Amino acid sequence: MTVRFQLVMNCADADLMARFWAAALGYQLEPPPAGFATWDDWRRDIGLPESELGGGADSISDPDGAGPRIWFQVSPDGKTVPNRLHIDVRASGERAIPLETRRQQVDAEAQRLAALGATVLGGEIEPGLDHYAVAMKDPEGNEFDIN
């Protein structure tokens, strides 16, 4: 039996991260539960204090329902070490596509995500390998790759 799961990413600004990753992955900001006009209305209903309201969007979902939900949990702790788990954004296509074409597609996606607030760390291509990737950081410094 398969188990449904969500990914949780600790962050300082959940709205910023939700909007960035929704745009990066083609996800959508998750609407509030049925019967609530906003997430803050729902948060009030479950008893959260006013001090925890006003954060904006904090979760995203795959509009096709195939990928996992991602929740951005506000955490007082800043990032101090490299991620133990990271996201790979697949932009290059299948291996049947020539490596140079895949490299151009990866670089174009890296430029798009940089315009959304990501930082390019560098591209990786090793002689003899049929692989190209670009290492990046999201707006809060979490590492991810485009390949």
Side-chain angles (χ1 to χ4, degrees), residues 1-43 48 52-147:
M1 175 179 143
T2 60
V3 177
R4 294 193 51 90
F5 66 95
Q6 74 175 358
L7 298 175
V8 179
M9 187 178 295
N10 289 350
C11 62
D13 186 335
D15 188 69
L16 170 72
M17 295 296 283
R19 291 178 189 284
F20 172 81
W21 281 108
L25 300 175
Y27 270 43
Q28 63 188 15
L29 297 176
E30 190 170 41
F36 297 93
T38 68
W39 278 102
D40 280 347
D41 291 342
W42 177 79
R43 290 177 182 118
L48 288 179
E52 293 188 29
L53 305 181
D58 70 354
S59 59
I60 60 176
S61 58
D62 179 350
D64 298 327
R69 176 182 193 260
I70 302 175
W71 176 43
F72 300 92
Q73 178 179 4
V74 174
S75 172
D77 302 323
K79 182 175 168 8
T80 58
V81 298
N83 304 0
R84 298 276 317 259
L85 174 73
H86 71 264
I87 294 174
D88 278 351
V89 177
R90 300 290 307 267
S92 66
E94 301 300 321
R95 292 218 183 267
I97 298 170
L99 180 59
E100 181 57 25
T101 302
R102 286 184 274 141
R103 187 184 69 74
Q104 291 170 1
Q105 292 172 181
V106 167
D107 287 344
E109 184 67 1
Q111 289 176 2
R112 183 181 80 84
L113 297 183
L116 294 173
T119 302
V120 175
L121 299 176
E124 307 170 357
I125 191 163
E126 293 184 36
L129 288 183
D130 185 32
H131 177 74
Y132 177 72
V134 171
M136 300 188 76
K137 287 187 178 182
D138 72 17
E140 288 200 1
N142 299 297
E143 298 88 1
F144 68 98
D145 294 322
I146 302 175
N147 57 39

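Everything numeric here is computed off the predicted structure, so don't read it as measured data.
Closest approach of Ser59 to Ala18, counting heavy atoms only: N-CB, 4.3 Å. Annotation for Val134 and Ala110: closest pair CG1-CB, 4.0 Å, computed over non-hydrogen atoms. In this structure, Ala12 and Val74 approach most closely via the heavy-atom pair O-CG1, 4.0 Å. Scanning both residues, Met17 and Cys11, for their nearest heavy atoms gives CG-CB, 3.8 Å. The heavy-atom pair separating Leu29 from Ala57 by the smallest distance is CD2-CB, 3.8 Å. Considering all non-hydrogen atoms of both residues, Gly93 and Gln105 come closest at N-NE2, 4.0 Å.
Using a cut-off of 4.0 Å between Lys/Arg side-chain N and Asp/Glu carboxylate O, Asp107 and Arg102 are scored as not salt-bridged.
Phe144 pairs by the ring pair (Phe, Tyr, Trp, His ring centres under 6.0 Å) definition with Trp21, not counting sequence neighbours. Shown here are the side chain to side chain contact (heavy atoms under 4.5 Å, CB included) partners of Val8, two or more places apart in sequence or in another chain: Gln6, Asn10, Trp71, Gln73. Evaluation of the side chain to side chain contact (heavy atoms under 4.5 Å, CB included) rule for Asp13 yields Asp15, Leu16, Glu140 as partners, not counting sequence neighbours.
In summary, the side chains of His86 and Asp145 do present a donor paired with an acceptor at a separation below 3.5 Å, with no hydrogens or angles considered.
The number of heavy atoms from other shown groups lying within 6.0 Å of CZ (Arg90) does not exceed 12. Heavy atoms of other residues, nucleotides or ligands lying less than 6.0 angstrom from CD of Glu94 number 12 at most.
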**Study point:** Worked check of side chain to side chain contact (heavy atoms under 4.5 Å, CB included) between Leu25 and Ile70
**Key:** CA-CA 11 Å; Leu25 300 175; Ile70 302 175; 3.8 Å; yes

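Between Met136 and Leu113, the closest side-chain pair of non-hydrogen atoms falls below 4.5 Å. Looking only at side-chain heavy atoms (C-beta outward), Met9 and Leu85 stay at 4.5 Å or farther from each other. Using a 4.5 Å cut-off on side-chain heavy atoms (C-beta onward), Glu30 and Arg69 make contact. A heavy-atom distance below 4.5 Å is found between the side chains of Trp39 and Pro33.
In this structure, CG on Asp88 lies 10.0 Å from CD1 on Ile146, to the nearest 0.5 angstrom. For the atom pair CG of Asp64 and CD of Gln28, the computed distance is 9.0 Å after rounding to the nearest 0.5 Å. If you take CG on Leu121 and CD on Glu143, they are separated by 7.5 Å, rounding to the nearest 0.5 Å.
When atom types are taken as modelled, the side chain of Arg112 and the backbone of Ala24 share a donor-acceptor pair closer than 3.5 angstrom. The backbone N or O of Ser92 lies less than 3.5 Å from no partner atom in the side chain of Tyr132, so there is not a single donor-acceptor pair. Side chain of Arg95 to backbone of Asp130: a donor-acceptor contact under 3.5 angstrom is found. A side-chain donor-acceptor contact under 3.5 Å links Asp62 to the backbone of Gly67.
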